[in-house]
Structure formats: structure tokens, C-alpha cells
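This report concerns only the one structure given below.
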Amino acid sequence: MKKILIVEDNIALSTGLSFDLEREGYKVDTVCSSGQAREAVRETEFDLIVLDINLPDGSGFELCRWIKELKDIPLIFLTACDMEKDTIKGFELGADDYITKPFSVGIFRRRVAAVLKRCEKENIGNIYNDGYLMVDFDKLMVIRENKAFMLTSSEYRLMKIFVANSGKVLTRQILLQKLWDNDGNFVDEHALTVNVNRLRSKIQNKGHKYIKTVYGMGYMWVGEKCNVL
Ligand code: MN
């Protein structure tokens with residue numbers, strides 16, 4: 001069952017939307033502030049987030065940026081801000097759709113379904129394969145030079161973050177934030193270094209480098225990009 005988070009401080013609106021989506025077969029959680037949304041996103045894996053822009057404790061744009069840095073979750077803005085520049089800003093922040101109030105529930109429902117379908121297609125087969133290195137994210141397995149290596153759960157999470165952010169410098173701080181596990185245990189600086197080195201030993205050899213150290217900053221994935229869930 002697809003899980004949707006609605007972040008909206010207008011309770012009447014979020015109750016109505018939630019009722020409608022649940023009748024369609026989705027599981028829906030609702031929160032009414034940016035703080036509650038952050039907590040929910042850390043604790044639960046959602047398939048889609050519907051996000052209001054004017055929230056009592058901050059801007060939905062800020063929240064969107066925070067969410068997208070942490071996890072790659074499809075996101076729809078739902079807002080009274082119908083200025084073109086706001087819509088553009090929403091898309092620039094990585095939103096998958098932007099719906100302005102007032103809107104019809106029937107159209108909302110179809111746009112939710114469309115975003116979920118589109119994102120599902122992009123995620124067919126959780127596999128990274130560049131011809132040399134093959135990573136099967138469902139099996140937590142790496143294959144290179146006809147040898148198979150198993151990934152630990154931290155290496156697996158690290159690998160997903162790297163391939164989704166190819167060519168970008170990931171600071172140690174960002175990596176630590178993203179690796180913060182669901183039980184609330186922090187991965188510390190030392191554990192990060194150990195995990196990066198262990199992952200390297202499984203995926204790299206002298207002729208094939210994937211994780212570049214950017215001195216004083218962090219790391220960068222120099223292999224191909226891949227959007228795995
Ligand atoms: Mn609002």
C-alpha cells in the first residue's frame with residue numbers, strides 16, 4: 001500500500017484530502033507543521049509527500065529542501081501561492097508537481113496517481129550497472145570481475161546516496177545526516193570513514209575508482225548516476 005504524508009496546517013483541508021485518498025486505497029498520515037513533518041520523514045518511509053508552503057513554523061520551500069537532501073521522495077506542493085515565481089521555485093527545489101488552491105479533489109487525486117506512477121517507472125529494478133560494476137540494491141549484493149560481495153546495511157545506504165548524487169561533493173556532515181538511521185542512532189565520523197573504506201574495497205580496484213576523496217570537504221561519486229529508491 002502506498003504511503004502518503006500530507007503536511008498542511010488547514011485541518012479541514014487535510015482531513016478532507018486524507019479521507020479521499022484513503023478511500024482510494026492509500027495509507028495517509030497528516031501533520032500540520034514543519035517540525036512534525038521532519039519527525040515523520042525521519043521515522044517513516046513515504047512514497048509521496050504533499051506539502052503546503054505557508055506553515056506555522058516555517059516555509060514549505062525550506063522543508064522541501066531539507067527533505068530532498070535527506071531522501072529522494074516524490075513531492076507535490078499544495079499552495080495558495082500562485083505566483084509564477086513560486087511555482088518555478090517549487091520545481092527548482094525538485095517538486096514533482098505544483099497544485100494551487102482552490103483545486104478540485106478529483107484533479108488532486110489524479111495528479112497524485114500520476115506522480116506515483118511516474119516515479120514507480122523510474123525505479124524499476126533497483127540495480128546500478130555500468131558494465132564493470134553491478135550493484136543489486138534488493139539483494140544487497142555487488143558483483144565485479146565475476147566476484148560477488150555482500151553489502152552491510154550502512155554500506156548499502158551509503159552506496160545509494162552516492163549513486164543518486166553522482167558528480168556532487170557530499171560533505172561529511174551531509175553524509176552523516178543522511179545516514180542517521182531510523183532507530184535514531186547517529187553514525188559517527190569514525191564509522192563513516194570505516195564504511196566508506198569498506199565500500200571502496202568492495203567496489204573499486206586500482207583501475208576503477210568510484211569514490212573520490214575531496215580533501216577538507218568530503219567525498220564524490222565519480223561513477224554513473226542512478227536513481228535507486
Ligand atoms: Mn498553510
Side-chain angles (χ1 to χ4, degrees), residues 1-79 90 93-97 108 112-113 115-116 119-120 122-123 126 137-138 140 151-165 170-192 195 227-229:
M1 190 190 283
K2 296 277 184 203
K3 252 193 224 168
I4 301 175
L5 175 69
I6 299 179
V7 187
E8 169 63 67
D9 60 331
N10 178 334
I11 304 296
L13 177 59
S14 75
T15 307
L17 294 178
S18 157
F19 177 79
D20 192 70
L21 290 176
E22 287 193 331
R23 211 176 40 191
E24 290 288 302
Y26 301 110
K27 163 100 181 63
V28 184
D29 284 354
T30 56
V31 292
C32 52
S33 72
S34 168
Q36 288 172 349
R38 287 173 198 233
E39 213 172 294
V41 168
R42 274 198 184 118
E43 281 171 4
T44 310
E45 294 296 327
F46 292 101
D47 297 291
L48 174 70
I49 299 179
V50 177
L51 185 54
D52 180 23
I53 291 178
N54 293 311
L55 293 163
D57 58 346
S59 135
F61 288 134
E62 273 311 306
L63 181 58
C64 171
R65 191 174 289 131
W66 182 89
I67 292 170
K68 289 283 181 181
E69 274 188 4
L70 193 72
K71 296 178 180 178
D72 194 15
I73 308 177
L75 197 142
I76 299 178
F77 275 119
L78 194 63
T79 176
L93 286 173
D96 297 277
D97 204 351
F108 171 72
V112 163
V115 167
L116 283 169
C119 295
E120 209 164 73
E122 284 169 6
N123 287 308
N126 280 326
F137 287 93
D138 291 328
L140 269 71
L151 295 177
T152 65
S153 72
S154 316
E155 291 160 5
Y156 157 85
R157 278 185 291 159
L158 199 53
M159 180 78 198
K160 284 213 290 194
I161 298 166
F162 276 131
V163 297
N165 293 282
L170 292 163
T171 63
R172 296 179 62 84
Q173 197 194 353
I174 293 260
L175 284 169
L176 288 169
Q177 259 177 36
K178 288 178 191 265
L179 285 168
W180 188 13
D181 78 18
N182 290 334
D183 302 324
N185 299 316
F186 278 106
V187 175
D188 68 15
E189 286 265 346
H190 176 69
L192 176 63
N195 275 293
N227 282 315
V228 282
L229 256 188

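Residue indices begin at 1 and follow the sequence shown.
Here the CG-CG distance, from Leu192 to Asn195, works out to 7.0 Å after rounding to the nearest 0.5 Å. Considering OG of Ser154 and CG of Leu179, their distance stands at 7.0 Å, rounded to 0.5 Å. Residue Lys71 holds its NZ atom at 8.0 Å from CH2 of Trp66, rounded to the nearest 0.5 Å. We find the CZ-CG distance between Phe108 and Leu17 to be 4.5 Å, quoted to the nearest 0.5 Å. One finds the CG atom of Asp47 at 11.5 Å from the NZ atom of Lys27 (value rounded to the nearest 0.5 Å). Interatomic distance, Phe61 CZ to Leu93 CG, rounded to the nearest 0.5 Å: 6.5 Å.
Considering every non-hydrogen atom in both Asp57 and Gly35, the closest pair reads OD2-N, 2.9 Å. Looking at every heavy atom in both residues, Gly60 comes nearest to Phe77 through O-CE2, 3.8 Å. Residue Phe46 comes nearest to Ile49 through the heavy atom pair CB-CG1, 4.4 Å, listed as atom of the first residue, atom of the second, then distance.
Without hydrogens or angle criteria, Lys3 side chain to Val28 main chain gives no donor-acceptor distance under 3.5 Å. Although no hydrogens or angles enter the test, the distance criterion places a donor-acceptor pair under 3.5 Å between the side chain of Glu155 and the main chain of Thr152. Checked by atom type and distance alone, the side chain of Asp20 never pairs as donor or acceptor with a backbone atom of Gly16 at under 3.5 Å. Using modelled atom types, no side-chain atom of Asp29 and backbone atom of Leu5 make a donor-acceptor pair closer than 3.5 Å. A side-chain donor-acceptor contact under 3.5 Å links Gln36 to the backbone of Cys32. Remark: the backbone N or O of Glu189 is paired with a side-chain donor or acceptor of Arg172 at under 3.5 angstrom. Looking at Asp52, its side chain never comes within 3.5 Å of a backbone N or O of Leu55 through a donor-acceptor pair.
Contacts of Glu39 classified as side-chain hydrogen bond (donor to acceptor under 3.5 Å, both in side chains), with partners at least two apart in sequence or in another chain: none. Annotation: side chain to side chain contact (heavy atoms under 4.5 Å, CB included) contacts of Ser14 (sequence neighbours excluded): Ile6, Glu8, Thr30.
Crowding of Gln173 atom CD: a count of heavy atoms from other residues, nucleotides or ligands under 6.0 Å not exceeding 12.
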Stepwise side chain to side chain contact (heavy atoms under 4.5 Å, CB included) test for Tyr156 and Ile161: CA-CA 9 Å; Tyr156 157 85; Ile161 298 166; over 6 Å; no

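Contact check for Cys64 versus Leu51: side-chain heavy atoms found under the 4.5 Å cut-off. Within the 4.5 Å cutoff, the side chain of Met1 has no heavy atoms near those of the Tyr26 side chain. For the pair Leu48/Ile73, no side-chain contact is recorded, criterion being any heavy-atom separation below 4.5 Å from C-beta on.
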